[in-house]
Amino acid sequence: MIEAKGIGKSYGERKIVEGFSIRVQRGDRIGVVGPNGAGKTTLVNLLTGADTPDTGTIRHGANIEMATLDQHRESLDPKSTLADALTGGRGDHVTVGGRPKHVVSYMKDFCSRRSRCARRWRCSPAASAAG
């Protein structure tokens, strides 16, 4: 669980996030959409604890496991498949909500063209996955 209350972040005089509040419950998935420079990455960094807010509070629940994908994919091995990136190369399952789930089934949850999804993501390099 993540609970943010009235968080704000500025760089110099420029306010990036102001008075933002949210509660994210276990199992929730969130997406942040907006134009370049709107503060999406800053907001995600605040919520995940990678950065600290100038104002407000953020509280993380016990035993929280967060997963984010860097928009620049710098943390990915370009020769690795997306399935390997998600599992860390340790088999065919990921843990979702405390339960094992086959990685292809997990990837299908995010794919709009299910017939091609599993085949493409299992075999394609992670760097080429749509983001």
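In this text the structure is predicted, and so the values were computed from the model without any measurement.
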So which heavy atom on [X] is nearest to which on [Y], and how close?
| X | Y | answer |
| --- | --- | --- |
| Pro53 | Gly56 | CG-O, 4.2 Å |
| Arg26 | Asn63 | NH1-O, 4.4 Å |
| Leu46 | Lys9 | CD1-CB, 3.8 Å |
| Ala4 | Ile58 | CB-CG1, 4.1 Å |

Residue pair [X] / [Y], side-chain heavy-atom distance below 4.5 Å:
| X | Y | value |
| --- | --- | --- |
| His93 | Thr87 | no |
| Val32 | Val44 | yes |
| Ile7 | Ile22 | no |
| Asp84 | Val103 | no |

#### Entry: CG (Asp28) with more than 12 external heavy atoms under 6.0 Å
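Enclosed.
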Atom pairs and distances, side-chain donor-acceptor, residues 12-21, under 3.5 Å, sequence neighbours left out:
unit_1, atom_1, unit_2, atom_2, d
Arg14, NH2, Gly37, O, 2.9
Lys15, NZ, Glu18, OE2, 3.2
Ser21, OG, Gly6, N, 2.8

### Query
Asn45 and Thr42: side-chain donor and acceptor closer than 3.5 Å?
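On atom types as modelled, these side chains do not qualify, holding no pair under 3.5 Å.
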#### Entry: salt bridge (charged side-chain N to carboxylate O under 4.0 Å, His left out) against Arg23, all qualifying residues, sequence neighbours excluded
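Salt bridge (charged side-chain N to carboxylate O under 4.0 Å, His left out) check on Arg23 returns Glu3.
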